[in-house]
Amino acid sequence: MTGQPRRLPVGGRVDRTSPISFTFDGRTYQGLRGDTLASALLANGVDVVARSFKFGRPRGIVGSGAEEPNAIVRIGSGARALPNQRATQVELYGGLVGVSSAVHGLRGLIDAARRVLPAGFYYKMLMAPPMLWRFWEHVLRRGAGLGTVPQGADPDRYDKLNRHCDVMVVGAGPAGLAAALVAARCGARVVIADEQDAFGGSLLSSALRIGGRPAAEWVVEGVRELRTFEHVAMLPRSTVVGLYDHGFLTVLERCADHLPVAAGPAVRERLHRVRAKEIVLAAGAIERPLVFANNDLPGVMLASAVSCYVNRFGVAPGERLVLATTNDGGYRTALDWQRAGLEVVAVADTRPDPNGALPRAAREAGIRVLPGHGVVEAVGHAHVRAALVAPLNTAGTALTGTPRRITCDLIASSGGWNPAVHLSSQTGTRPVWREEAVGFVAGQRRGLHCAGAVTGASTVEACLAQGATAGASAARAAGLAPGKAELPTTDEAAQEAQQALFVIPHVRDTSRAPPQFVDLQLDVTAADIELAAREGYESVEHAKRYTALGFGTDQGKLGNVNGIAVLARALGREIGDVGTTMFRPAYTPATFGAIAGRDVGDLFDPERHTPMHAWHEAQGAVWEDVGRWKRPRYYPEPGEEMDAAVARECVAARTGVAMMDASTLGKIDVQGRDAARFLDRIYAGGFLKLGVGTCRYGVMLKDDGMLFDDGVTVRLDDERYLVHTTTGNAEAVLAWLELWRQTEWPDLDVYLTSVTDHWATVAVVGPKAREVLGRVCSDIDLAADAFPFMACREGHVADVRARVLRISFSGELSFEVNVPAGKAVAVWEALMAAGSADGITPYGTETMHVLRAEKGFIIVGQDTDGSMTPHDMGLDWAVRHGKRHGFVGERSLALADYQRPDRLQLVGLRTVEPADVIPEGAQIVADVDRTRSGRVPMHGFVTSSYFSATLGRSIALAMLKGGRGRLGETVHCPLDNGKVLAAEVVGPVFYDPDGERQHG
Amino acid sequence: MAEGVVLAKLPVRGLLNLRLPTGAPATPAVAQLVGLALPETPCTCAAGADVAAYWLAPGEWLVAVNAGAEAELESRLRSALDGTGAVVDVSAGYVRYNLRGSAVAELLMKACPYDFDRRTFGPGRCVQTVFAKATALIAGVEDASFDLAIRRSYADYFERWTADAASAYGG
């Protein structure tokens, strides 16, 4: 194993036949297939993988899984780079490029920083004058080493998959596998996910025997059986990152992250959105390190991680081991280490008289056990060179003798296990402190069946039993009949009680001892937490925010419980009383790519198209987004700018003939015996007496009396109406109508159906509109007296059955031709052809806006913002009081505030300089001189503003305080470029005030 | 079965949205006009000669007939309903498709949060649900394929979304 000095000669689930090379921080190394980046780095003797967040201290690999706080790396390069990955979870592949996230740490600040960056530093800086924070933010962001965001668009493909199951099993360790097997045998649809590349969990690095065979064989057997069930989905390399209400989970599957770019499948990562009837939480537990002085030195690791590297990867992260433990389980690491032919210098067990099977086995194997001893300090600069070990009192709270120095290069510590309660905590279920387990376990929650180490179980046999029970109870709760589960036995020895000890005391008190790290990722020490307690941050939530404990990307998987223990000790309270903070999704960082899936680029949101879309596109229309619709804004001729195109289109509509695609307007068919009564209550105006075949403009109010939508309603029949809504409000109006129909007036016989997509609408507009329409419509008498303004007729246009409305949003003679959408293109083209001799001109939304503004017609949502009454908008004529049932919003209109004479009211503005177009949104002030003082009373604002080619000057609509009483007054609009535009207040109708043209 | 996913446009049919007072069973007159008994079980559909009826919501069905037959059926149904119910021609409001192929089930898992497990959703079943960010009426077909009705203005989005998703299967 050239170049892999720490690789053991035999052992591990790695393929020794073909070494693969990778680079880390610019240097090339060799690893093996089956390695993680962390195990490969350790095999190469790379012990410093990061500089710490605040102090820039050297840090090494601590763990072997999701809990890793230090080895946070960026994988890949360029736009494909993936930041914030844990080297312990990155599978090695040939050509992998890893970069430590923290190589740019502020080495100059090492240690000295501790004095200037105490606990609560961020808090204090944020409370200080803002300039100071800006300075520190700049310095800290560079130094913190939180990784860099890749530049450029991500070239990889991500997608999402919705899954449904009876039982979702989270984790495929002994408990999860047992649960999945039992549930699957009952016929349950099962999804089982595990973050590792292979199922088995802790059994992958265990020397245990299950049912008389090696544990790994039991795993293979179980996986093989699961594979035989068609209704079982197995997801390795899949982390359950979120658990939400009603059995909803998100599972991030890494499909290609373990492969070189070229060799990967099409999809890099996939987010499974699982809806499960029942959930088995078998997420396992994370070992809790002991807190002692200088415990962040490279060479201080979790005991379970050391075992994992030896057993699973055939890597020895050192030569001479000192084990610090509070429990029997930790001894396994000493035994694994010795079995691998390495030297165990000593086991420091904090318990005064450890006599369980494992401690006895260790002694029998010749390992030196120091009962009642703790590691009080790690010695070394860039790596562990020795451990200071001292005798402790029975409770472990004080030293009873002088520390002695034991030479070693690896300190493994085990302070017990923290159940992985993160997912259950995400739903708001508070973890519960369990004394005998010395840990917080998941709280009770309906539909959540906990099994294995997550409950505090400490033996594989207990995990298997709990898994089987949970699998059966979950299947039963999902409505299936569970069979009988047979439980395999293990050769695992019984364990003695562990000691509830978290911090090993030092010779000096906490604030003077070398730092005792609690949260390695964010450099939070025991002294920091004690400081927080002294400064009054007694709630665990406050102490967390004051010290930043658990704020890192690891969410404090290693440090939280130790931090709570330090806080409890400082407050003189029990850990269970202090309580724990909660966790939120995601369990480990998830990429935005996976969350977005394929809803990116032009699939981000649906574009709705009218039937004439392709025609508009062929004509070179410039698009405007209106809600989800694409509408032509204008149709430029070659070389033509918007202003010129709009002027040309306006002139055509006012003097010749023009035509617009109005298909996007919302259309609701209202039918039933009580249709008239229903509309009469919904609209502010009267609709009972509307004649069949005629149209009426109506305004709808919200219950607060504010204008909500407007449009024309046609009475098609005694019991049938067609309601038009604004384009952007169609869904909201239908929902509003359904709300009233279903909840307030269920007694009314009325039915609402959206026909927006069924009908396409062509507005033929202009003095020559009648002539042009007449060329393709022979069965409707278009003469003014036969077909008057606001009437509706049915007939054929271009041989297509059509409904024609004489309504006008332009103020011109106008026919709106409605035909089924499937035949709309033919009708549109026929009308274009019929008008070609008269220069018929297609026009877009911009021209529509100008034409309607010339007429003072408002657009709901542009001239209104949900705070305008009909009276404010000068629409009293569209309101009818005294109807038998009133109308929605009527009562609110009587509010005193709605009667104020100085409310904002709709007016028109004529700039003193006709060529000046006031920007929309401009504020209106009365006294121009006071603009220089910087404190100006606002009198209103401009809502619509255009240059009118027809009038040869600019026009604007505005909301002005007491506006209708101020006609003739001059107001001013100060602009952000320093100019002030003066304008005269006029009525909102600029063109054809008597409406002669639309009636023509 | 075709490899991957195959999307095909279906011929135009006459589509009527039919409403009856909630809870009231369809009268024999309505059933006779439609040509079959309206399915009363939620999310099911029924087919007869030249006609199909899809349950959409309590008291709401989509009736599909041969193109051109909808106008007469609409007016006859409206007379029969006599104001206690409604019938609306929505033929042009939808574009109809058929989705088939070996990967069609997985494609639906990508697009829809609804459970199309073939043990429970097959011929005779239909559902109104979301397809990506559009709405869809999806019905099971005898040959393990699916018929979809998509609102016309969303058809272009639907086709592009489906083509993109299907490209992962080489379809």
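Chain letters run A, B, ... following the sequence lines, proteins first, then strands; residues in each count from 1.
- Looking at A:Asp674, there are no atoms closer than 4.5 Å to chain B (heavy atoms on both sides), in backbone or side chain.
- Of all heavy-atom pairs spanning A:Gly822 and B:Arg152, the tightest one is CA-NH2, 3.7 Å.
- Paired with B:Asp115 under the rule salt bridge (Lys or Arg N to Asp or Glu O under 4.0 Å), one option of A:Arg273, A:Arg163, A:Arg189 passes, and it is A:Arg189.
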Practice prompt. In sequence, state the C-alpha distance, the side-chain angles, and the governing distance for A:His231 and B:Arg119, and then conclude on side-chain contact (heavy atoms from CB on, under 4.5 Å).
Written response: CA-CA 10 Å; A:His231 49 276; B:Arg119 290 179 294 179; 4.0 Å; yes
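- In this structure, B:Lys133 contributes its side chain and A:Leu603 its backbone to no donor-acceptor pair below 3.5 Å.
- Residues forming a side chain to side chain donor-acceptor pair (under 3.5 Å) with B:Arg76 (at least two apart in sequence, or on another chain): B:Glu72.
- For B:Asp156, the part lying under 4.5 angstrom from a heavy atom of chain A is the side chain only.
- The nearest pair of heavy atoms linking A:Tyr751 to B:Ala86 is CB-CB, 3.6 Å.
- There is no contact between B:Glu60 and chain A, counting heavy-atom distances below 4.5 Å.
- Of the atoms belonging to A:Trp759, not a single heavy atom falls under 4.5 Å from chain B.
- Among A:Gln671, A:Arg673, A:Arg801, the residue making the largest number of heavy-atom pairs under 4.5 Å with chain B is A:Gln671.
- What you find for B:Ala92 and A:Ala821 is that their closest heavy atoms are CB-N, 3.4 Å.
- Counting only distance, with no hydrogens or angles, the side chain of B:Arg19 and the backbone of A:Leu752 share a donor-acceptor pair below 3.5 Å.
- By the 4.5 Å heavy-atom criterion applied to side chains, B:Lys110 and A:Arg598 are not counted as neighbours.
- The two atoms that bring B:Tyr157 and A:Asp599 nearest to each other are OH-OD1, 4.5 Å, heavy atoms only.
- The most heavy-atom pairs under 4.5 Å with chain A, out of B:Pro21, B:Gly85, B:Gly59, come from B:Gly85.
- The neighbour count for A:Tyr244 OH, taken as heavy atoms of other residues, nucleotides or ligands under 6.0 Å away, is above 12.
- Between A:Arg157 and B:Ala168 the shortest heavy-atom distance is NH2-CB, 4.2 Å.
- Put simply, of A:Asp718, A:Asp602, A:Thr756, A:Asp717, the one with the most heavy-atom pairs under 4.5 Å next to chain B is A:Asp602.
- More than 12 heavy atoms of other residues, nucleotides or ligands shown are found within 6.0 angstrom of CD on B:Glu40.
- Contacts between B:Ala165 and chain A at a heavy-atom distance below 4.5 Å involve the backbone alone (N, CA, C, O).
- In the model, B:Thr84 has no side-chain atom that pairs as donor or acceptor with a side-chain atom of A:Asp749 under 3.5 Å.
- Chain B forms the most heavy-atom pairs under 4.5 Å with one residue out of A:Thr753, A:Val755, A:Thr664, and that residue is A:Thr753.
- Neither the backbone nor the side chain of B:Phe158 comes within contact range of chain A; no heavy atom of the residue lies under 4.5 Å from a heavy atom of that chain.
- For B:Arg118 and A:Glu230, the salt-bridge test passes: some basic side-chain N is under 4.0 Å from an acidic carboxylate O.
- Sparse packing is recorded around CG of A:Asp799, with 12 or fewer heavy atoms of other residues, nucleotides or ligands lying under 6.0 Å away.
- A:Asp757 and B:Ser153 make their closest contact through OD1-OG, 2.6 Å (heavy atoms, listed as atom of the first residue, atom of the second, distance).
- Atom CD of A:Glu719 and atom CZ of B:Arg78 lie 10.0 Å apart (nearest 0.5 Å).
- Neither the backbone nor the side chain of A:Leu748 comes within less than 4.5 Å of any heavy atom in chain B.
- Contacts between B:Asn17 and chain A at a heavy-atom distance below 4.5 Å involve the side chain alone, from C-beta outward.
- Heavy-atom distances place the backbone of B:Leu20, and not its side chain, under 4.5 Å from chain A.
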Worksheet entry | Pair A:His164-B:Asp117, side-chain contact (heavy atoms from CB on, under 4.5 Å): steps then yes or no | CA-CA 8 Å; A:His164 298 262; B:Asp117 181 19; over 6 Å; no
